[in-house]
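Below, all heavy atoms of this structure are taken into account, side chains as well, without hydrogens, waters or symmetry copies. Here is the naming used below: chain letters follow the sequence lines, and residue numbers restart at 1 for every chain.
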Amino acid sequence: MTAVPPPPAPAIAIRQLFFTYADGTEALRDISVDIAPRQLFVLFGPARAGKTTLLRLLNRLSDLIGGTRQQGHVRFNGADIFERGVDVTDLRRRIGMVFAMPTPLPGSIRSNLTFGLRMAGMRDAAALEARVEQSLRQAALWDEVKDRLESSAFALSGGQQQRLCLARSLALEPEVIILDNPTSGLDPLSTAAVEESLDALKQRYTIIMVPHSVQQAARVADSAAFLLDGELVEAGPARELFVNPRHKRTEDYISGRFG
Amino acid sequence: MTATPAESAVPPEPTAPPRAARSSRLLAERVIEAAIALAGVSTVVIVALIFLFLLRESTAAFLDVPLRQLMGTRWYPIEGLFGFLPLIAGSLVVTIGAVVIAVPLGLITAIYLGEIAPPSQREVLKPIIEVLAGIPSIVLGFVGWVALAPLVQQLGATTGLTALTGSLILAYMALPTIISISEDALYAVPKAYRDGALAIGATQWQTIWRVVLPAARSGIVIAVMLGIGRAIGETMAVMMVTGNAANIPALGPGLFLQPVRTMTATIAAEMGEVQRGSLHYSTLFAIGVVLFVITFGINYVAGRLIGASGGPRRRGQL
């Protein structure tokens with residue numbers, strides 16, 4: 001009798017989450033799903049399914065929009081992130097985010113990387129320098145920019161900017177990285193480079209990603225969830241979900257019948 | 001050798017428009033282009049003409065009054081003493097006071113409106129602030145004279161009509177310009193900058209101070225310069241509340257509590273009384289030339305500051 005090891009406690013547990021925008025759009029309805037640690041979790045579905053809304057709730061960037069209503073819980077390592085008294089900036093350091101369009105800040109490559117650290121109170125120049133190199137290596141950008149860390153971040157190509165944004169999140173040594181369609185503006189080669197670095201990164205980080213396509217989702221995901229019109233249709237290990245979807249709508253979407 | 005009726009009756013090619021119509025459209029195009037070019041050039045020409053006119057009217061002053069006297073410290077036109085320094089000093093003191101009050105206040109208001117206030121408040125506040133810009137300066141001068149001057153006198157001035165009173169009124173007049181244009185500049189900063197900074201754990205204030213403000217810098221510099229321009233050129237309100245004494249204010253803690261007289265107020269007050277073509281008349285135009293040059297100087301500095309914001313100075317800002 002071999003004992004089945006219990007599944008690891010989820011890094012993020014979403015329970016009965018509802019979210020409505022000020023104009024009355026119900027972006028999310030009754031979402032419940034577990035995201036396991038140190039895995040690549042993919043959140044896919046057609047446009048306006050609520051993917052970005054859900055991602056922005058996870059690090060509370062949704063706080064910035066006025067007039068919204070929400071209900072339900074998101075537990076990060078067991079603690080509810082919506083509770084009063086949660087330190088939002090600390091939460092965002094622990095749950096990093098990379099957006100669909102690269103968002104370099106006006107300034108040099110180096111200052112983009114050290115900005116978050118300095119805002120967090122890190123002053124030691126040597127330590128900052130170490131983080132710069134480490135995060136650039138993790139994002140597979142070091143070799144391309146190591147000789148021009150002082151030049152403007154805007155001088156980088158789109159793919160490099162996107163990897164810079166990834167490195168910027170990694171520099172904070174987060175626990176979770178959220179990627180909202182990180183390869184949308186990238187050519188196939190840069191896309192491959194990013195996907196490859198994701199594979200290495202998920203050894204250390206929990207990654208939540210909205211993919212560019214179903215194909216990309218199937219390529220990179222360990223587990224996945226299919227969202228449609230603000231509802232979670234199904235979630236599970238990628239091997240099952242992409243091969244033997246339980247729901248007709250998932251199957252139709254995966255096989256390209258709509259979307 | 002005349003064309004036969006049959007030839008001239010050949011219908012034109014259906015695809016190409018008739019030649020006449022095409023050339024008239026081309027002509028219309030040229031006329032519009034020329035009109036736009038004319039409008040653009042005319043602004044420059046008018047500025048140049050104004051400057052030439054000022055120069056012509058002030059030639060006598062620059063030729064007949066020795067430069068040493070023009071740089072003198074006494075303005076007694078009746079006695080033939082035309083020293084500009086008291087007037088320039090008066091304008092400077094009042095304007096600097098106004099800038100010191102209006103710029104921080106205006107920027108803080110713009111940041112509140114653009115970055116912190118909920119949309120509902122912003123929609124109410126912004127139009128009200130823009131209405132402030134439309135209050136006639138004479139009304140503000142009156143308010144300053146009736147309401148502000150007694151308060152300033154309580155600060156220990158011998159009279160309520162002082163440089164400080166003028167600065168306060170001017171600051172109030174420059175505020176709507178500074179607020180409105182800085183707020184537009186903040187609004188033009190891409191949302192991605194804020195998202196990017198917040199997502200790596202910057203607080204809202206860190207995001208505003210370290211990312212949004214530097215990105216909006218050129219617009220903010222324009223706002224401040226336009227505010228200063230408004231302050232230095234203002235006449236009526238200042239004339240009513242600064243006491244109009246053409247002295248060089250004594251330096252010291254009481255600098256702002258002395259009556260002063262600005263360049264603009266001098267021109268406005270004396271232009272009606274001088275004989276056209278007299279030396280005094282010409283000197284007033286010379287004051288106008290000085291004002292013009294100062295305004296140009298401010299615009300030039302503003303241009304340089306904006307130009308620099310894209311350059312190396314930007315590097316250390318993040």
Side-chain angles (χ1 to χ4, degrees), chain A residues 22 55-56 58-67 87-122 135 149-154 161 164-172 174 177-178 180, chain B residues 111-126 182-183 185-222 305-318:
Chain A
L55 292 189
R56 293 178 76 99
L58 295 183
N59 69 353
R60 288 187 55 180
L61 276 181
S62 54
D63 289 6
L64 304 180
I65 326 161
D87 180 350
V88 178
T89 54
D90 182 62
L91 177 76
R92 291 183 188 146
R93 283 175 195 135
R94 292 164 64 198
I95 304 185
M97 181 156 188
V98 177
F99 303 89
M101 298 307 286
T103 55
L105 298 171
S108 69
I109 295 172
R110 185 197 306 277
S111 60
N112 261 276
L113 291 166
T114 56
F115 179 67
L117 295 168
R118 281 182 286 133
M119 293 303 103
M122 193 187 231
S135 58
L149 293 176
E150 296 310 323
S151 55
S152 166
F154 293 112
Q161 287 186 10
L164 176 68
C165 293
L166 177 59
R168 191 172 66 187
S169 296
L170 294 174
L172 293 163
I177 308 169
I178 298 173
D180 187 359
Chain B
I111 290 170
Y112 178 72
L113 277 183
E115 302 289 319
I116 297 166
S120 54
Q121 267 186 41
R122 193 187 133 139
E123 276 158 30
V124 176
L125 287 175
K126 198 155 188 217
S182 325
E183 206 265 334
L186 293 175
Y187 188 76
V189 173
K191 186 170 170 288
Y193 289 6
R194 300 182 180 88
D195 279 351
L198 291 168
I200 50 177
T203 61
Q204 189 181 18
W205 176 243
Q206 287 167 334
T207 305
I208 292 171
W209 186 246
R210 307 293 288 275
V211 176
V212 179
L213 275 182
R217 186 164 129 208
S218 63
I220 289 172
V221 170
I222 293 176
L305 284 177
I306 294 165
S309 67
R313 286 190 62 176
R314 199 160 200 175
R315 232 173 237 162
Q317 275 177 352
L318 251 184

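Closest of all the heavy-atom pairs between A:Pro104 and B:Tyr193 is O-CE1, 3.7 Å. The two residues B:Ile200 and A:Phe115 make their nearest non-hydrogen contact at CD1-CD2, 3.8 Å. Across every non-hydrogen atom of A:Leu105 and B:Ala197, the tightest pair is CD2-N, 4.1 Å. In this structure, B:Gly196 and A:Arg168 approach most closely via the heavy-atom pair CA-NH2, 3.7 Å. Shortest non-hydrogen contact noted between B:Gly201 and A:Arg93 is O-NH2, 2.9 Å. Counting all heavy atoms, side chain and backbone alike, A:Pro106 lies closest to B:Val211 at CD-CG1, 4.3 Å.
The local environment of CE in A:Met122 is crowded, with over 12 non-hydrogen atoms from other residues, nucleotides or ligands closer than 6.0 Å. Applying the 6.0 Å contact sphere to OH of B:Tyr187 captures no more than 12 heavy atoms from other residues, nucleotides or ligands.
Here CZ of A:Arg118 is found 10.5 Å from CD of B:Gln206. Values are rounded to the nearest 0.5 Å. Considering CG of A:Leu64 and CD of B:Gln204, their distance stands at 7.5 Å, rounded to 0.5 Å. Taken to the nearest 0.5 Å, the CG atom of B:Leu198 stands 12.0 Å off from the CE atom of A:Met119.
Two residues are said to be in side-chain contact when any heavy atoms from C-beta on lie closer than 4.5 Å; A:Phe99 and B:Asp195 meet this criterion.
Neither the backbone nor the side chain of A:Arg94 comes within contact range of chain B; no heavy atoms are under 4.5 Å apart.
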